[in-house]
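Worth saying up front: this structure is predicted, and the values here are computed from it rather than measured. Basis for what follows: all heavy atoms, side chains included, without hydrogens, waters or symmetry-related copies.
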There are 2 protein chains.
Amino acid sequence: MSKRVTSQDVANLAGVSRTTVSFVLNDVKRFSIRPETAAKVRQAAQQLGYVPNASARALASNSAMAIGLIMTRNPQYIASDSFLPLIMGGMMDVVKQNQLGLLVEWVEPGQQLRAYMALTRARHIDGMILMTPRSDDTGLKALEDSDIPAVLMGYIPGLKLHSVDVDNIQAAKVAVDHLIELGHQKIACITNAATPYSSSSQRFDGYKQALAGAGLVFDPNLVRQADFDSHSGYKQMQSLLETNPDFTAVFVASDAVAIGAMLAIREAGLRIPEDISIVGFDDIPAASYVTPKLSTVHMPAKEIAQHSCELLLQLMRGEKPETKDISLPTHLKIRQSTAYLERRP
Amino acid sequence: MSKRVTSQDVANLAGVSRTTVSFVLNDVKRFSIRPETAAKVRQAAQQLGYVPNASARALASNSAMAIGLIMTRNPQYIASDSFLPLIMGGMMDVVKQNQLGLLVEWVEPGQQLRAYMALTRARHIDGMILMTPRSDDTGLKALEDSDIPAVLMGYIPGLKLHSVDVDNIQAAKVAVDHLIELGHQKIACITNAATPYSSSSQRFDGYKQALAGAGLVFDPNLVRQADFDSHSGYKQMQSLLETNPDFTAVFVASDAVAIGAMLAIREAGLRIPEDISIVGFDDIPAASYVTPKLSTVHMPAKEIAQHSCELLLQLMRGEKPETKDISLPTHLKIRQSTAYLERRP
DNA sequence: CATAAGTACTAACACGCGTTAACAATTCAA
DNA sequence: TTGAATTGTTAACGCGTGTTAGTACTTATG
């Protein structure tokens, strides 16, 4: 039905050349256009409902006006990521404000190197933001050497790539310190994901540092590794309870996992926080609504998303950002899942 | 550093013309290419790390190999949509399998008409999937008349657009029937969103039909309207409890909202399900982990996403799908938040 | 042997836009 | 009056690819 309207059509209707149309609509200041001519062009464009073709524009101007959000997890884990909506919501704001498109891409683990280069060359995007990067991702080194603007949502030491993250080590330490201050000595830990995910190993480090700082012994038997979702938290807590009946608190490095762990604790007939104190990480919306309300480390998800976008925009414009790595503040939200250690009968 | 590699470079290295390169790499069968020539071309492309430019390809072939996921909610609500990860996870599968890109777009309410046409014309995408459409969205009528492949994730009566959804009315009716079978007579309702969102009014209809079917009177005072997130559910339940202390069950048309409502109930000193039975809708992951576990209507989110994609793909290929509207089955998950009515003292 | 019918490839145009270099028209300075 | 400067506009090229129409060469056909 509706024929494609090109800038030529606008030019014809306005009685000018296609070049003039381009100058007017793109606001090219280097060439001065008579106001009445500009008005005529705008009027014609309006009347025809002209919208420039994104592909043609990208091809000619060598910029796609779009950025990529790259995820390397399995779709199954994407599906259970309570964090994704917060990130997307935060990105939408900036993206919309800057007239950008947002291309979501999932890269198969193992295919990273090939994929990053392909995305680059393909040029449907001008830059990319990498979610939950893994330290064993060989593609990141290749990205470093390329000239593609890229930002990591998550800090990996030793990389030249820019990043936005919180200080996971410190934040985890604060969370565990809280448990220690409450008198707990036997504190278990369930990580949020496999070690290669940077946030996982860093939060685990914070846990160990807190123990060390308080002179508590680190017991590997009190540690389990979960896998993003609540179900894994449930299973790992069951495992902990079976083998170690005597810990009185647990640091769980992700709220989604923690919520699963809480269920396992209740099913074991134990009370939170009377028998076991639990502190999470992320502060996803659900954390404020479970019973008891989950004490957790607040992650400024929206701010992370926004800063990532803006940092990427700077890189795309060729600017030199002040800092290579942006570290945003976290704070511990003490709610109802942590309490003073009571001597159990 | 890395210069852009074009098909011309590949042609030069392989000692053939650019056209031949195109034929080989795109597998054009209409023209026969000697196997050894094809091998030479592939070898050269491999060696140079050639990746076709997406924009140029889109421009020339008039197809962008990408689809759009359009959301019309505010970013603030996107951020609290526990459903989004499930949808995205489901779409990723199909999208990846078909070598498509996924462009996520947020359209400001009120700007729909202009935006849909712009997205069309812009041609960075070949088709679009509209999440949570609103029945008062005037842009949808315009979409109908255009020839842009589009699929609604959510059914709106009277539209020619294809859709994928569950039977919200029936599903809600089953949920409320469950409460009725448990002996409840005073059953409140909190909707999931404003009426124009199709799912909201449909689930509300199901609620009313169930009441009517059981000969129960419909009391408008027992109805509240929430706004997607848990906090709104919390507030609306508080409002319900203040003014109507005598209902014994509530149907909440979204789990996120229901989880907020549960908190309000507990804070009022009431027990679930002994004092108030509650049944939700959606079956988000958290529903299985709150206390008590939430009885709810299971939404096949992943399947909805996948069917939407595949339906859209059919439309993009110019095929005529068998049915205009796909309706997927739901089922009631009875867990722990619903129980037989006990006479309260 | 001449014609027809493949086979293997290429030159050339189109897609819609941004942009440079040039050109016509007007104004200004000498 | 002439040349230079300024203002307003456009012809023409390039971005990297898909695709049609055509060419040269080989093989079958009468």
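Under the 3.5 Å distance criterion, with hydrogens and angles disregarded, no donor-acceptor pair is assigned to the side chains of Gln97(B) and Asp93(B). Side-chain contact, Ser22(B) with Thr19(B): no donor N or O sits under 3.5 Å from an acceptor N or O.
OP1 or OP2 of dT9(D) has at least one side-chain nitrogen or oxygen of Arg34(A) nearer than 4.0 Å.
For the pair Arg57(A) CZ and dG14(D) C1', the computed distance is 17 Å after rounding to whole Å. The OH atom of Tyr50(B) sits 7 Å away from the C1' atom of dG16(D) (whole-angstrom rounding). Atom pair Leu48(B):CG and dG16(D):P shows a separation of 15 Å (rounding to whole Å applied). Between the C1' atom of dT17(D) and the CG atom of Asn62(A) lies a distance of 15 Å, rounded to the nearest Å. One atom, CE of Met65(B), and another, C1' of dT17(D), lie 14 Å apart when rounded to the nearest Å. Rounded to whole Å, the distance from CG on Asn53(B) to P on dC15(D) is 12 Å.
Residues from residues 13-27 of chain A that place a heavy atom under 4.0 Å from any atom of DNA chain D, listed by number: Val16(A), Ser17(A), Arg18(A), Thr19(A), Thr20(A), Phe23(A).
Side-chain atoms of His162(B) come within 3.5 Å of backbone atoms of Lys324(B) as a donor-acceptor pair (strictly under, hydrogens ignored). Side-chain atoms of Asp137(A) come within 3.5 Å of backbone N or O of Gly139(A) as a donor-acceptor pair.
Nearer the 5' end of DNA chain D, as judged by each residue's closest nucleotide, is the contact made by Ala56(B), out of Ala56(B) and Val28(B).
The side chain to side chain contact (heavy atoms under 4.5 Å, CB included) search around Val51(B) returns Ala118(A), Arg121(A), Ala122(A), not counting sequence neighbours. Contacts of Glu144(B) classified as side chain to side chain contact (heavy atoms under 4.5 Å, CB included), with partners at least two apart in sequence or in another chain: Lys141(B), Leu159(B), Lys160(B), Leu161(B). Take Asp136(A) and apply the salt bridge (charged side-chain N to carboxylate O under 4.0 Å, His left out) test, not counting sequence neighbours, and it matches Arg134(A).
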Phe83(A) vs Thr132(A), side-chain contact (heavy atoms from CB on, under 4.5 Å): CA-CA, chis, key distance, verdict = CA-CA 11 Å; Phe83(A) 227 67; Thr132(A) 52; over 6 Å; no
Go through the steps to decide whether Glu310(A) and Gln314(A) satisfy the test side chain to side chain donor-acceptor pair (under 3.5 Å), and finish with yes or no.
-> CA-CA 6 Å; Glu310(A) 270 151 19; Gln314(A) 286 184 24; over 6 Å; no
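Atom NZ in Lys40(A) sits 9.5 Å away from atom OG1 in Thr20(A) (nearest 0.5 Å).
The residue from Trp106(A), Phe228(A), Tyr197(A) that alone fulfils the ring-ring contact (aromatic ring centres under 6.0 Å, His included) condition with Tyr77(A) is Phe228(A).
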Atom pairs under 3.5 Å, N or O on each side, protein against nucleotides 23-26 of chain D: can you list them with distances?
none

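Here Leu59(B) lies in heavy-atom contact (under 4.0 Å) with a base.
From the 5' end on, the contacts that DNA chain C makes with chain A at under 4.0 Å to a non-hydrogen atom open and close at dG16(C) to dA21(C).
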